[in-house]
**Student:** 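I'd like to ask some things about the structure below.
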There are 2 protein chains.
Amino acid sequence: MATTFNCPPNRSLGCPVEGTLDMIGGKWKGVVLFHLLDGTKRFNELHRLMPGVTQRMLTRQLRELEADGLIHREVYAEVPPRVEYSLTAKGETLRPIILALKDWGESHVPYYAIKPETDVA
Amino acid sequence: MATTFNCPPNRSLGCPVEGTLDMIGGKWKGVVLFHLLDGTKRFNELHRLMPGVTQRMLTRQLRELEADGLIHREVYAEVPPRVEYSLTAKGETLRPIILALKDWGESHVPYYAIKPETDVA
DNA sequence: GCCAATAGTATCAATTTGTATACTATTGAC
DNA sequence: GTCAATAGTATACAAATTGATACTATTGGC
């Protein structure tokens with residue numbers, strides 16, 4: 001009771017945490033952001049980096065991130081078409097969060113549990 | 001291309017980010033965790049702090065967090081019943097992430113957009 | 001003309017997630 | 001006997017998410 005995080009009790013978006021999670025909490029958004037930390041990526045490039053997501057879902061998450069001003073979508077009028085996604089300045093401010101998410105996952109999520117063979121200590 | 005985040009490409013859980021988001025990315029999980037940073041809370045106490053969530057969803061998110069070992073559920077055999085939720089040691093390790101989420105939300109999410117009246121600069 | 005690649009969109013069905021409402025049990029207050 | 005409080009559960013329903021597949025347009029290869 002000493003800390004007093006003072007969350008306004010009568011707002012529809014109760015917490016700043018809720019607001020942030022609304023933006024990056026989507027099933028694939030954090031992962032997209034994570035891959036874009038590494039630099040600009042094309043649509044199919046992202047798709048290949050994320051084996052579990054469908055084209056449709058990837059498109060939708062990308063559009064939502066764009067609508068929230070976190071990523072930039074650059075369309076090149078070429079054939080075959082080329083679309084490049086990159087982080088905006090606002091998206092870049094999420095870097096410490098995404099990296100913290102990655103670090104935590106690496107030390108606490110048993111995501112290597114799918115047969116680590118012998119290469120993981 | 002220089003950074004090489006080396007995400008294993010052929011695992012079902014592609015990224016540590018994905019794994020972390022699986023645990024705290026649920027619609028209300030981050031918010032629950034955020035309120036528990038402040039100390040032990042009873043069920044209805046949490047419910048009052050989160051106006052947008054239904055009893056059922058709160059119960060479910062709480063059970064999932066418990067199953068993931070992030071929170072502890074202590075039932076007191078009293079009438080009326082009392083159930084207290086608190087962070088486990090593992091849950092405590094999320095503190096920097098939750099706080100980062102809160103800070104980011106405070107500076108980037110316009111969640112005060114619902115009529116700031118005159119009290120917000 | 002047919003197939004491939006690009007970056008998607010369209011459609012259908014199935015599953016998951018979320019909402020709304022009512023209900024449980026127990027005890028005390030009224 | 002009825003209402004309130006506690007911490008939920010049950011049921012019904014709506015919305016979001018997913019998977020599978022087909023389709024768009026354009027150009028080059030064969």
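Protein chains get the first letters and strands the later ones, always in sequence-line order, with residue 1 at the start of each.
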**Student:** I need the full list of ring pair (Phe, Tyr, Trp, His ring centres under 6.0 Å) pairs touching residues 58-104 of chain A, with sequence neighbours left out, sorted by first then second residue.
**Tutor:** W104(A)-H108(A)

**Student:** Looking at L101(A) and T20(B), what are the two nearest heavy atoms and their distance?
**Tutor:** O-OG1, 2.7 Å

**Student:** For DNA chain C, determine which residues of residues 53-68 of chain A have any heavy atom closer than 4.0 angstrom to one of its atoms, and list them numerically.
**Tutor:** Q55(A), R56(A), T59(A), R63(A)

**Student:** Give the minimum heavy-atom separation between H47(A) and V53(A), together with the two atoms involved.
**Tutor:** NE2-O, 3.1 Å

**Student:** Work out which heavy atom in K29(B) is nearest to a heavy atom in D22(B); give both atom names and the distance.
**Tutor:**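 Shortest heavy-atom contact: NZ-O, 3.8 Å.
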
**Student:** So how far off straight is the helix from dG1(C)-dC30(D) to dC30(C)-dG1(D), going by the axes through five pairs at either end, to 10°?
**Tutor:**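 Answer for the end axes of this duplex: 30°.
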
**Student:** Using a 4.0 Å cut-off to any heavy atom of chain A, which nucleotides of DNA chain D are the first and last in contact, reading 5' to 3'?
**Tutor:** dT17(D) to dT27(D)

**Student:** Got a sec, which residues hit side chain to side chain donor-acceptor pair (under 3.5 Å) with Q61(A), two or more places apart in sequence or on another chain?
**Tutor:**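 Not a single residue meets the side chain to side chain donor-acceptor pair (under 3.5 Å) criterion with Q61(A).
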
**Student:** With a 4.0 Å cut-off on heavy atoms, is Y76(B) in touch with a base, just the backbone sugar-phosphate, or nothing at all?
**Tutor:** nothing

**Student:** Which pairs pass salt bridge (charged side-chain N to carboxylate O under 4.0 Å, His left out) with one or both residues in residues 79-91 of chain A, sequence neighbours excluded?
**Tutor:** E78(A)-R82(A), R82(A)-E84(A)

**Student:** Could you walk me through whether M50(A) and V32(A) pass the side chain to side chain contact (heavy atoms under 4.5 Å, CB included) test, one step at a time?
**Tutor:** CA-CA 8 Å; M50(A) 302 160 62; V32(A) 168; 3.8 Å; yes

**Student:** Charged N to carboxylate O below 4.0 Å: is that the case for E92(A) and R95(A)?
**Tutor:**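 The answer is yes: the pair qualifies as a salt bridge.
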
**Student:** K27(A) or P80(A): which one's nearest nucleotide on DNA chain C is closer to the 5' end?
**Tutor:**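 It is P80(A) whose nearest nucleotide is closer to the 5' end.
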
**Student:** Taking all non-hydrogen atoms of both residues, which atom of V31(A) and which atom of V17(B) are closest, and how far apart?
**Tutor:** N-CG1, 4.0 Å

**Student:** Taking all atoms of both residues into account, what is the closest heavy-atom pair of S86(B) and T40(B), and its distance?
**Tutor:**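 In terms of heavy atoms, the two residues are closest at CB-OG1, 3.5 Å.
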
